[in-house]
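Structure first, commentary second.
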There are 2 protein chains.
Amino acid sequence: MDIQLKRGILDACVLAAIKNDDSYGYQIIKDMKPYLELSESTLYTILKRLETAEMLTVRSQEHDGRLRKYYHITEKGRARIEEFRRDFQEILSIYQFITREETENE
Amino acid sequence: MDIQLKRGILDACVLAAIKNDDSYGYQIIKDMKPYLELSESTLYTILKRLETAEMLTVRSQEHDGRLRKYYHITEKGRARIEEFRRDFQEILSIYQFITREETENE
DNA sequence: TGTGACACATCGTATCACGAAGTATATCGC
DNA sequence: GCGATATACTTCGTGATACGATGTGTCACA
């Protein structure tokens with residue numbers, strides 16, 4: 001998948017991954033894998049950014065002697081998903097523009 | 001529109017704007033305006049990049065005493081549009097993932 | 001004992017959209 | 001004739017950001 005195309009959906013995608021249940025980095029990667037592959041360095045960068053933007057909150061919790069950081073979506077985060085949904089409607093009309101075939105003899 | 005989301009479609013969009021007929025910078029901006037606003041600095045950067053990538057060719061031509069650079073799409077350019085079309089199918093399924101509502105009581 | 005899964009972190013790099021500013025010509029109103 | 005506006009292309013600097021490489025540490029299993 002083209003990197004530039006990926007860029008636009010990553011934030012919304014990560015937020016969507018924790019939309020229903022809190023989750024942690026490693027799990028998020030596994031959940032998204034069927035749809036979209038992303039490396040750990042990329043994900044943690046995104047999570048940090050979303051935290052700074054107050055779209056999610058973090059809580060550390062030990063699990064089998066290993067640290068896990070659970071991420072919880074905020075209202076701002078949900079709003080971000082909604083914004084993505086709206087933007088995507090525009091994208092769809094641009095997609096039509098890009099892929100339309102020239103009809104008749106103009 | 002979110003810049004990151006825009007990034008992914010810009011190249012394909014510009015190529016689509018010259019897909020049927022050769023065109024020049026100023027005209028391309030006007031044609032795309034109903035779908036997508038972009039500044040001159042952005043467009044010319046993209047055109048240069050697409051030329052380097054051999055997705056289009058350029059020919060200078062004088063018009064009313066002013067220089068115009070006409071851009072012509074190549075086979076590689078058309079292939080790029082096709083690639084976009086394929087990638088977009090993936091994007092659609094990710095869109096489903098992002099926007100799906102949790103059903104029943106899980 | 002070592003290999004692989006789990007889990008998170010940091011650093012450097014390359015890509016890229018865009019605003020700002022510049023150059024130059026043509027047209028139109030006053 | 002003069003200023004404003006449209007046409008047309010260019011260059012520079014900056015900020016955002018995905019990702020590979022690399023590192024830290026734990027746990028399970030053979």
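The base of D/dG20 has none of its N or O atoms less than 3.5 Å from a complementary donor or acceptor on the side chain of A/Ser39.
Note: CD (B/Gln27) to C1' (D/dC9) measures 15 Å, nearest angstrom. One can place CE of A/Met1 at 16 Å from C1' of D/dC19, the figure rounded to the nearest angstrom. One interatomic measurement links the two molecules: CG of B/Asp11 to P of C/dA17, which rounds to 6 Å at whole-angstrom precision. Look at CD1 on A/Ile46: it is 15 Å from C1' on D/dG20, rounded to the nearest Å. The separation between A/Leu43 atom CG and C/dA7 atom C1' is 11 Å, rounded to whole Å. One can place CD of B/Glu40 at 14 Å from C1' of D/dT5, the figure rounded to the nearest angstrom. Between A/Ile3 atom CD1 and C/dC16 atom P there is a gap of 9 Å when expressed in whole angstrom units. Taking atom CG of residue A/Asp2 and atom C1' of nucleotide D/dA18, one finds them 12 Å apart after rounding to whole Å.
Not one N or O on the side chain of B/Lys19 forms a donor-acceptor pair closer than 3.5 Å with the backbone of B/Gly77. Between the side chain of B/Gln89 and the main chain of B/Arg85, a donor-acceptor pair closer than 3.5 Å is present. Remark: side-chain polar atoms of B/Ser60 are not paired, donor with acceptor, to backbone N or O of B/Lys69 under 3.5 angstrom.
With respect to the salt-bridge test (charged N to carboxylate O, under 4.0 angstrom), the residues B/Lys48 and B/Glu51 do not qualify.
Proximity of residues 51-72 of chain A to DNA chain D (heavy atom under 4.0 angstrom from any strand atom) is restricted to A/Asp64, A/Gly65, A/Arg66.
Residue B/Thr42 places at least one side-chain N or O closer than 4.0 Å to OP1 or OP2 of C/dC18. B/Gln4 has a side-chain polar atom (N or O) that falls below the 4.0 Å cut-off from OP1 or OP2 of D/dT17. Side-chain N/O atoms of B/Tyr26 include one lying less than 4.0 angstrom from OP1 or OP2 on D/dT7. Here A/Arg49 reaches the OP1 or OP2 of D/dA18: one of its side-chain N or O atoms lies under 4.0 Å away. Phosphate proximity of D/dC9 to B/Tyr24: absent, as no side-chain N or O sits under 4.0 Å from OP1 or OP2. Between A/Tyr44 and the phosphate of C/dA9, there is no side-chain N or O to OP1/OP2 separation shorter than 4.0 Å. Distances shown here put every side-chain N or O of A/Lys6 at or beyond 4.0 Å from the OP1 or OP2 atom of D/dT17. A close approach under 4.0 Å does not occur between any side-chain nitrogen or oxygen of B/Lys48 and OP1 or OP2 of D/dC9.
In this pair, A/Phe88 and B/Tyr95 present their aromatic rings parallel. The plane angle is below 30°, not in the 30 to 60° band.
No continuous path of ILVMFWY side-chain contacts below 4.5 Å connects A/Ile3 to B/Leu10, so the two sit in separate hydrophobic clusters.
Within the 4.5 Å cutoff, no side-chain heavy atoms of B/Lys6 are placed close to those of B/Thr42.
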